[in-house]
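Report on the following structure.
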Amino acid sequence: MKAVVFDVGETLIDETRLWERAADAAGASRFTLMGIVGALAARGEHHRRVWEILGVEQPPATWAPEDFYPDALPTLGALRRRGLRVGAVGNTLTDAEDILRDHVDLVGSSARWGVEKPSPAFFQRVVSECNAAPEEIAYVGDRVDNDVEPALAAGMVAVHVRRGPWGHLHEPPPAALRVSSLDELPDVLGV
């Protein structure tokens, strides 16, 4: 294993606070916003439709240092100390890269790259950025459809983390590894 790349939302960052701040900024109740986002997920629709449904402009997305899951930064550090290249990527705006830059070796956003997951081109870009063969890269994410299956299709080691709504709703394929906490990752990967 040469590199471990993490999906940002619900893998490294607890998106609950982000959505709460967005609801407040949009003048919508948090319960309503989260209910709509959940319904869109259940229907397989893009979560960004929430703003259209609410009839408001999308407020700027903001993540703060306190939004990291408690196991995220220690795991990133442990993997880097073991000599692995560590990355954080996602279907995010470029602003999301700023909060991650100090903690990883590479960052990527769909906004900067011009391609979103689950497109094979997104995962090809991950491979290119890692400068490693796909089978030498572990890709860690909470969504089977956006993270796990496309990573497997790209030839990477796919790790499903069970947290956030999709992490609990989706069952990973047998070829994927599974963790409930990022603390488990070094042992599961054997690094």
Listing, residues 146-156 side-chain donor-acceptor contacts under 3.5 Å, not counting sequence neighbours, or none:
{"unit_1": "D147", "atom_1": "OD1", "unit_2": "K117", "atom_2": "NZ", "d": "2.6"}
{"unit_1": "D147", "atom_1": "OD2", "unit_2": "D142", "atom_2": "N", "d": "3.3"}
{"unit_1": "D147", "atom_1": "OD2", "unit_2": "R143", "atom_2": "N", "d": "3.0"}

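- In this structure, the side chains of V157 and E135 stay at 4.5 Å or more apart for every pair of heavy atoms.
- In the hydrophobic clustering (ILVMFWY side chains linked at under 4.5 Å, chained through shared members), V56 is joined by W19, L33, M34, I36, V37, L40, V50, W51, I53, L54.
- For N131, there are no side chain to side chain contact (heavy atoms under 4.5 Å, CB included) partners two or more places apart in sequence or in a different chain.
- Between E97 and R112 a salt bridge is recorded (basic side-chain N to carboxylate O distance below 4.0 Å).
- Qualifying salt bridge (Lys or Arg N to Asp or Glu O under 4.0 Å) partners for D67, counting only residues two or more places apart in sequence or in other chains: R17, R21.
- The distance from the CG atom of D102 to the CG atom of L73 is 10.0 Å, given to the nearest 0.5 Å.
- Evaluation of the ring pair (Phe, Tyr, Trp, His ring centres under 6.0 Å) rule for Y69 yields no partner, not counting sequence neighbours.
- The ring pair (Phe, Tyr, Trp, His ring centres under 6.0 Å) check on Y139 picks up F123, with sequence neighbours excluded.
- A salt bridge links E171 to R178: at least one charged side-chain nitrogen sits closer than 4.0 Å to a carboxylate oxygen.
- Heavy atoms of other residues, nucleotides or ligands lying less than 6.0 angstrom from CD of E57 number 12 at most.
- Across all their heavy atoms, V144 and P173 have their closest contact at CG1-CD, 4.1 Å.
- Counting heavy atoms from C-beta on, the side chains of L76 and L12 come closer than 4.5 Å.
- Contact check for S109 versus L93: no side-chain heavy atoms found under the 4.5 Å cut-off.
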